[in-house]
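Each remark here refers to the structure printed beneath this line.
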There are 2 protein chains.
Amino acid sequence: MIWYGRMTDQSSTKERILAAARDLFTQRGFEAVSVRDIVARARVNLGAVTYHFGSKEALYHAALSSMADPFAALVAQIAARPGAPLDRLDAVVRGALAHLLDNPGPPAILLRELASDRPLPPPIANLMRRNLGAVATIIAEGQRDGSIRQGDPALLAVTVMSQPFFVRAARRVVTVALGADSSDPDQQARITDHVAESVRRSVANTPPVPS
Amino acid sequence: MIWYGRMTDQSSTKERILAAARDLFTQRGFEAVSVRDIVARARVNLGAVTYHFGSKEALYHAALSSMADPFAALVAQIAARPGAPLDRLDAVVRGALAHLLDNPGPPAILLRELASDRPLPPPIANLMRRNLGAVATIIAEGQRDGSIRQGDPALLAVTVMSQPFFVRAARRVVTVALGADSSDPDQQARITDHVAESVRRSVANTPPVPS
DNA sequence: TACCATATCATACAAACGTATGACTGTCAA
DNA sequence: TTGACAGTCATACGTTTGTATGATATGGTA
């Protein structure tokens, strides 16, 4: 794309629409956001969505991919680093939570889509497959070297990844429960440590807790 | 209510609307369900929602309460039983998951509302307050007798309750990951055991996992 | 019987929805 | 200079939305 018609701002119409769509779909979900909301926020013409993306749903999928792809790439990159399985899981959880604290899109939309009983949009299904696959691979490796407890790697992977997603999505609840400001970095550090510690304890191959 | 106008079916118009609203809001969320969808499923007149509930949003809140109240009462009842804190947490997690497997409404709607950045509907906010409060009380008790590890009881409570909610909501993903039928009772038992075990390990006061 | 409150029903209404249309504008290749 | 083309724009179309309205039916009460 070389020329942008009447566009006088620095960013292209298509990118402005995508950014507005990311924000609004994240905050309210697909059905609660109208095309007119999006073009108003992007300050572009109503017809621009149809022209550049074809339909509201196609724009939705484009917005999902633009959020899911960087997250999946980050997790894959962290998971591929060398080290003991438990430490790599720790790094994945911390990296994922740090990314999600800055980018609320993936957890918000993932939880909404999981809660629906419609088919998962392809970008979200791919994200889950990639993330859970990477985590399950680490878990299987840890089971072979004895550092991670027995159990279905896929199920353990769900337990692991559910924590950063849920804690991020339930951030309002967490901060209200803790009675502190949600943007306080000290509190974010405490939450991150708590999540990492909980995950490590829940999957490590320690003796069973006596009843 | 003693008399039901023209109603010839066994259940009242109001109850039929409530039941249809529970199903549809659970499956698709507030915005994706129209009043016409609800009255069609309930096989009542379009005007009946306004007449009996006042508005679509008031019907939504009524439907939420009718799902959240039994769940909160169940958790409170299990939490109040005698026993060691870790065992009571175990019973709460198992009881909650069993209830949620039969009643998908609370997790679906809770996750959707958490993902939104609008204020939580009062019935959902009350549900969270009651559930997390009951669990946090058990946790604080366990911290006093040394059976549960240190940490903010509210944060630990979020970790505990997030598991049954997330596993239930992500049931499609879990069953696909396990490659089995989602209604298989054996698999449900395995999932329940896995969740209970993960929760117990994540909060028990065992020595830290070495790095 | 007459009356009244309650409930159901078919419509109507304005607003908002996603999408389509055709005119217009500015840049490139020929 | 001109034709083609990609992008932007105002506007319109047909649906669907939540809610309102007024008529009608029904059983209790006087």
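Chain letters run A, B, ... following the sequence lines, proteins first and then strands; every chain starts at 1.
- For the pair A:Asp37 CG and C:dG18 P, the interatomic distance rounds to 8 Å; values are reported in whole Å.
- The pair B:Asp87-B:Arg200 counts as a salt bridge, with a side-chain nitrogen and a carboxylate oxygen less than 4.0 angstrom apart.
- With rounding to whole Å, B:His52 atom NE2 is found 16 Å from D:dT19 atom P.
- A:Leu46 has its CG atom 9 Å from the C1' atom of C:dG18, to the nearest Å.
- The CD-C1' distance, from B:Glu15 to C:dT8, rounds to 17 Å in whole Å.
- Between the NZ atom of B:Lys14 and the P atom of C:dT6 there is a distance of 13 Å, given to the nearest Å.
- Atoms CZ (B:Phe53) and P (C:dT6) sit 17 Å apart, rounded to a whole Å.
- Place A:Ala32 and A:Gly47 on DNA chain C by their nearest nucleotides, and A:Ala32 ends up nearer the 5' end.
- In this structure, the side chain of A:Asp37 engages the main chain of A:Ser34 through a donor-acceptor pair within 3.5 Å.
- You'll find the side chain of A:Phe71 reaches within 4.5 Å of the side chain of A:Leu100, heavy atoms only.
- Rounded to whole Å, atom P of D:dT17 lies 13 Å from atom CD of B:Glu31.
- Counting to the nearest Å, the P atom of D:dT19 and the OH atom of B:Tyr60 are 15 Å from each other.
- Checking C:dT19, C:dC9, D:dG18 against every side-chain atom of B:Asn45, the shortest atom distance belongs to C:dC9.
- B:Ser34 has a side-chain polar atom (N or O) that falls below the 4.0 Å cut-off from OP1 or OP2 of D:dT17.
- If you check C:dA7, D:dG18, C:dT19 against the side chain of B:Tyr51, the one that comes closest is C:dA7.
- Contacts of B:Gln77 classified as side-chain hydrogen bond (donor to acceptor under 3.5 Å, both in side chains), with partners at least two apart in sequence or in another chain: none.
- With distances taken from any side-chain atom of A:Thr13 to the nucleotides D:dT8, D:dT19, C:dG18, the minimum falls on D:dT8.
- Among the atoms of the strands shown, none is found under 4.0 Å from any heavy atom of A:Val39.
- Distance from the side chain of A:Arg36 is smallest for C:dC17 among the nucleotides C:dC17, D:dG18, C:dA7.
- Legend: residues meeting ring-ring contact (aromatic ring centres under 6.0 Å, His included) with A:Phe53, ordered by chain and number and at least two apart, are absent.
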